[in-house]
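Single-structure report; data block below.
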Amino acid sequence: MNYNEAFHKTIQQSFDQYHKDNPHIYAYFCQYALDWIKSGAKKISSKQIIGRIRWHLEVDVQGEEASKFKINDIYSAHYARLFVTDFPEYEELLEFRHLRAA
């Protein structure tokens, strides 16, 4: 069973709703990514940034997933893509793969 069959929507649709319900998560993502970049990093990892937000902050999340996940791991690629849309000068610091399921 794929994501769409399990949840009756695409990962992108789920991410869009989560991002709308929880804009503070992206603010933390940008803050941590920029801090990491300023430290001289040659590469950064969206999964590690999500992990830092998840485990090192007491963040409240809203929406239908709030009871299951603080931040779903599948959103890390979407946050990374959003970050390079806002900060295209850092695109080379992230590695992107083809999204298997939008």
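Residues Tyr18 and Ser14 are not in side-chain contact: their nearest non-hydrogen atoms beyond the backbone lie 4.5 Å or more apart. For the pair His19/Leu82, a side-chain contact is recorded, criterion being any heavy-atom separation below 4.5 Å from C-beta on. Tyr26 places a side-chain heavy atom less than 4.5 Å from the side chain of Asp86.
Between the CD atom in Glu91 and the OG1 atom in Thr85 there is a gap of 8.5 Å [rounded to 0.5 Å]. For the atom pair CD1 of Ile44 and CG of Leu93, the computed distance is 6.0 Å after rounding to the nearest 0.5 Å.
Under the 30°/60° scheme for interplanar angles, the aromatic rings of Phe29 and Tyr79 are found to lie parallel. Ring-plane geometry between Tyr28 and Tyr32 is classed as parallel, the angle between the planes falling under 30 degrees on a 0 to 90 degree scale with a further cut at 60. In this structure, His78 and Phe15 have parallel ring planes: the angle between them is below the 30° cut-off, well short of the 60° mark. Classification of the Tyr90-Phe83 ring pair by plane angle, with boundaries at 30° and 60°, yields parallel.
Put simply, the side chain of Asn22 never gets that close to the backbone of His24: no donor and acceptor are under 3.5 Å apart. Judged purely by atom type and a 3.5 angstrom limit, Lys43 uses its side chain to pair as donor or acceptor with the backbone of Glu92. Listed for the Gln13 side chain is a donor-acceptor partner under 3.5 Å among the backbone atoms of Thr10.
Nearest approach of Lys9 to Tyr3, heavy atoms of both residues: O-CD2, 3.4 Å. Closest approach of Leu94 to Ser46, counting heavy atoms only: CD2-N, 4.2 Å.
Remark: Asp73 engages Arg54 in a salt bridge, criterion side-chain N to carboxylate O under 4.0 Å.
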